[in-house]
Amino acid sequence: MIYFDNSATTRPHPQVIETMSKAMTSYYGNPSSLHRKGVEAENILNQARAVAAGYLGCKPGEIFFTSGGTESNNAAIKGVAFQYQGRGKHIITTQIEHPAVYDVCKQLESMGFTVTYLPVDHEGRVSVADVQKAMRPDTILVSVMHVNNELGTIQPVEEIGKWLKQFPKVLFHVDAVQGIGKVPLRIKESGIDLLSLSAHKFHGPRGIGILYKREGLIIQPLLTGGGQEAGVRSGTENLPAIAGLAKAFRLLQESGADEPSRLQRLLEQLREGVSPIEGIQVNTPAKGTAPHIMNLSVPGVKAEVLLHSLEERGFLVSTKSACSSKANEPSRVLMAIGVGTECASSSLRISLGRDNTADEVEQFIVALRDCVKTLRSYMK
């Protein structure tokens, strides 16, 4: 089977698995324990924090380990909302956020907060001007994703963050889960206060993520108990997964800009191959997108039917976000860019990773052409 669902999760790198196995075997002590095994584990924890900070361009003390992107998003948004609700209860976000942000905001609305969900243009990009218009005296948080998980559209995070610097009491959160290792993002220069990421999106293990929290910023902790992670995230640290996360960062550093460039070439090959196929509409913009995501629709053909037809030919793709793919409703993201219910209900996401090759892309183009031709013939 050829795997084209890397935006949902990636295959852990063999060196990541090896690192985790060693950590589980040799460094099994609790990092909070005072004996030798505890100190050994604490050293691994500190090293991993330094590696993550080095990659992200921040201080080790600004790195907090979580269970993944969903927890990081919840911790950031709820942490700000509950800590600073005395200043105001207004939050600004967009209509195309991942459910781990969008649904959190919906939950906060039920608790008395007010949320402005900004629209996006036909490419799925939010306007800085719309962020500016939405600002109110009681705004306490702006949350905008870096790369959209369905379309691949890159948001103007840096411009938004720079503009927000004139409002020091309005915090800026960025869900950077889809962009790490593919699209550069300078946290400090972009005025980001809180940032979320997840290791399994860049060939690290599942169940481990990071919340970057700017030094000096206080948020209400989501989890309390033992006081681990400087009280921001209590609970015994998942050391093997943290070690695996650090190894995944090291591998990203080693690949540098080569891997994003390679993925970009594959994506361009994919676009050139699928665009001429009759009945296909490519929803991902040609420019201003991440190098690994393409969304397309085949109006009149159910996405699930096409997905399984491709699977029978040896290709694994997804419909919308993996977190909401089983919901029997059109993609909220595609509806927001105005493609219509039919297109939004017939969309597929192809997402590339380090294991994919040009030959696999060529095979996929042929398989997609055959599947579309066959399925559309049934409609006549």
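Atoms considered below: every heavy atom in the structure, side chains included; atoms not considered: hydrogens, waters and symmetry mates.
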task: Go through the structure and list residues passing ring pair (Phe, Tyr, Trp, His ring centres under 6.0 Å) with F172, not counting sequence neighbours.
output: none
Can you give the donor-acceptor pairs under 3.5 Å from side chains of residues 118-129 to other protein atoms, not counting sequence neighbours?
residue : atom : partner : partner atom : Å
D121    : OD1  : E123    : N            : 2.9
D121    : OD1  : G124    : N            : 3.1
D121    : OD1  : R125    : N            : 3.0
E123    : OE1  : R125    : NH1          : 2.8
R125    : NE   : I154    : O            : 3.0
R125    : NH2  : G288    : O            : 2.8
S127    : OG   : A129    : N            : 3.1
S127    : OG   : D130    : N            : 3.3

- prompt: Taking atom types as modelled and ignoring hydrogens, do the side chains of T9 and H200 form a donor-acceptor contact shorter than 3.5 angstrom?
  reply: yes
query: So do the side chains of Q155 and I96 get within less than 4.5 Å of each other, counting heavy atoms only?
result: yes
- prompt: Between the side chains of D359 and Q363, is a donor N or O closer than 3.5 angstrom to an acceptor N or O?
  reply: yes
- line: Apart from L222 itself, its cluster of hydrophobic side chains linked below 4.5 Å comprises none
message: Taking E259 first and then R354, would you say they form a salt bridge - that is, a charged N and a carboxylate O separated by under 4.0 Å?
response: no
message: If only side-chain N and O atoms count, and only distance matters, is there a donor-acceptor pair under 3.5 Å linking N73 with H173?
response: yes
task: State, without any angle test, whether T66 and R233 hold a side-chain donor-acceptor pair at a distance under 3.5 Å.
output: no
message: Could you tell me if the side chain of V142 sits less than 4.5 Å from the side chain of L171, heavy atoms only?
response: no
- request: Any chance you could lay out the salt bridge (Lys or Arg N to Asp or Glu O under 4.0 Å) test for K59 and E62, step after step, and finish with the verdict?
  value: CA-CA 5 Å; K59 298 178 181 179; E62 297 176 312; 5.9 Å; no
- request: Please write out which residues are connected to V366 in a hydrophobic cluster, directly or through intermediates, given that two of Ile, Leu, Val, Met, Phe, Trp, Tyr count as joined at side-chain heavy-atom separations below 4.5 angstrom.
  value: none
query: Is E150 salt-bridged to R332, cutoff N-O under 4.0 Å?
result: no
message: So, using ring pair (Phe, Tyr, Trp, His ring centres under 6.0 Å) as the criterion, who are the partners of Y84 when residues are at least two apart?
response: none
query: What orientation do F315 and F4 show, parallel under 30°, tilted 30 to 60°, or perpendicular over 60°?
result: parallel
message: Between F249 and F202, is the ring centroid distance below 6.0 Å?
response: yes
query: Can you tell me if E109 uses its side chain to pair, donor with acceptor, with the backbone of T114 under 3.5 Å?
result: no
- prompt: Are R49 and E229 ion-paired here, with the side-chain N under 4.0 Å from a carboxylate O?
  reply: yes
query: Are E312 and S309 close enough that a side-chain donor and a side-chain acceptor fall under 3.5 Å?
result: no
- request: State, yes or no, whether a side-chain contact exists between L310 and L348 at a heavy-atom distance under 4.5 Å.
  value: yes
Pairing residues for H203 by the side-chain hydrogen bond (donor to acceptor under 3.5 Å, both in side chains) criterion, not counting sequence neighbours: none
task: Could you verify whether a donor N or O on one side chain and an acceptor N or O on the other, from S234 and T224, lie under 3.5 Å apart?
output: no
query: Cut-off 3.5 Å, side chains only: do E362 and Q269 have a donor facing an acceptor?
result: yes
query: Under 3.5 Å, is there a donor-acceptor pair linking the side chains of N149 and S7?
result: no
message: Among V177, I180, V183, D175, exactly one meets side-chain contact (heavy atoms from CB on, under 4.5 Å) together with H146. Which residue is that?
response: V183
